[in-house]
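Here is the structure we will look at, set down as structure tokens.
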Amino acid sequence: MPWTPPVLKTERLYLSGPDDAAQPAFAPDGRDAVAQGLPGLPSNWKIYLREGDEPIGTIGLIGWDRESRLAEVGFILMNIHTRRGYMTEACRAVIDFAFEGMGLEIVEAKSLPNNAASIRVLEKVGMKREGRLQGRLYSKGPLVDLDLFRITREAWSNGRNSR
Ligand SMILES: CC(C)(COP(=O)(O)OP(=O)(O)OC[C@H]1O[C@@H](n2cnc3c(N)ncnc32)[C@H](O)[C@@H]1OP(=O)(O)O)[C@@H](O)C(=O)NCCC(=O)NCCS
């Protein structure tokens, strides 16, 4: 049985788990989906402006490492909906759930160093850049670097009080 993420609601958004059971990025036994031959796309939640509408993007947690209490957040939004703060709002809700609902200690993210929009979202939700992973991504050409971001439970908890 695939793990079904709970519905998350924010001020403007409705985040719902995939209706397609073939989509989980991680499974209830804690092993990550990729290890089980399932798609590892960060698509645990589809993002809706209104329930029942077409989704405007997806967000998810991948590579859930139970022992280290760590997972990685990833996201994508349709172009026509960008720059309205939606992904910041969605990402905050998912990180809240990661710490509160899943008991994680660390949430990570990776971004291309020149992806200003993605980096800004990560910074706005309280993530800090930890360093550059050299040649970390294969994209049908020379290996490219990725910047690693993360937030710990402690930083999340401190930041929460100042929201
Ligand atoms: C990254 C992405 C999800 C951002 O979503 P979004 O909803 O537009 O982001 P927000 O509206 O919450 O914006 C957050 C911040 O990023 C800034 N930002 C958004 N798009 C930007 C851009 N193209 N260039 C520079 N800054 C940008 C916003 O101005 C805002 O910062 P501010 O509050 O200081 O002004 C979206 O651009 C996207 O889907 N990109 C392609 C997929 C991708 O790169 N995924 C991430 C892989 S790690």
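Only heavy atoms go into these numbers, but all of them, side chains included; no hydrogens, no water, no symmetry mates. These figures come from a predicted structure and were not determined experimentally. Each ligand, and each atom within it, is numbered from 1 in the order the structure gives. Numbers here simply count residues along the sequence, with the first being 1.
Protein heavy atom nearest atom 5 (O) of ligand 1, with residue, atom name and distance: Met87 CB, 3.3 Å. Given atom 34 (O) of ligand 1, the protein heavy atom at minimum distance is Arg120 NE, 2.8 Å. The single protein non-hydrogen atom nearest to atom 38 (C) of ligand 1 is Leu77 N, 3.9 Å, given as residue, atom name and distance. Scanning all protein heavy atoms for the shortest distance to atom 37 (O) of ligand 1 gives Ala117 CB, 3.7 Å. For atom 27 (C) of ligand 1, the nearest protein heavy atom (residue, atom name, distance) is Arg83 NH2, 3.5 Å. Distance from atom 14 (C) of ligand 1 to its nearest protein heavy atom, with residue and atom name: Thr88 OG1, 3.4 Å. Atom 41 (C) of ligand 1 has Ile76 CG1, 4.3 Å as its closest protein atom, hydrogens excluded (heavy atom only). Summary of contacts: the protein heavy atom closest to atom 4 (C) of ligand 1 is Val121 CG2, 3.8 Å.
More than 12 heavy atoms of other residues, nucleotides or ligands sit less than 6.0 Å from atom CG of Asp53. Around atom CZ of Arg12, more than 12 heavy atoms belonging to other residues, nucleotides or ligands sit under 6.0 Å away. For Arg69, the CZ atom is loosely surrounded, since the number of other residues' heavy atoms within 6.0 Å does not exceed 12.
In terms of modelled atom types and a separation under 3.5 Å, the side chain of Trp45 and the main chain of Pro6 share a donor-acceptor contact. Side chain of Asp145 to backbone of Gly135: a donor-acceptor contact under 3.5 angstrom is found.
Considering backbone and side-chain N/O of Lys124, one or more are found under 3.5 Å from N/O of ligand 1. The shortest N/O to N/O separation between Phe75 and ligand 1 falls below 3.5 Å.
The shortest side-chain heavy-atom distance between Arg129 and Leu122 does not fall under the 4.5 Å cut-off. With contacts defined as side-chain heavy-atom distances shorter than 4.5 Å, the pair Arg50/Tyr14 does not qualify. The shortest distance between side-chain heavy atoms of Lys110 and Leu137 does not fall below 4.5 Å.
Within the structure, the closest approach of Gly74 to ligand 1 does not fall below 4.0 Å when heavy atoms are considered. In this structure, Lys110 counts as a contact residue of ligand 1, since one of its heavy atoms falls inside 4.0 Å of the ligand.
If you number the atoms of ligand 1 from 1 as listed, the ones under 4.0 Å from a heavy atom of Gly85 come out as 10 (P), 11 (O), 12 (O). Ligand-side atoms of ligand 1 in range of Ser118: 1 (C), 46 (C), 48 (S), range being under 4.0 angstrom from any heavy atom. Heavy-atom proximity to Arg84, at under 4.0 Å, picks out these atoms of ligand 1: 11 (O). Of all atoms in ligand 1, numbered sequentially from 1 with element shown, those under 4.0 Å from a heavy atom of Asn115 are 43 (C), 44 (O).
Between Arg150 and Glu108 there is no salt bridge, since none of the side-chain N atoms of the basic residue sits less than 4.0 Å from a carboxylate O of the acidic one. By the 4.0 Å N-to-carboxylate-O rule, Arg92 lies too far from Glu89 to be salt-bridged with it.
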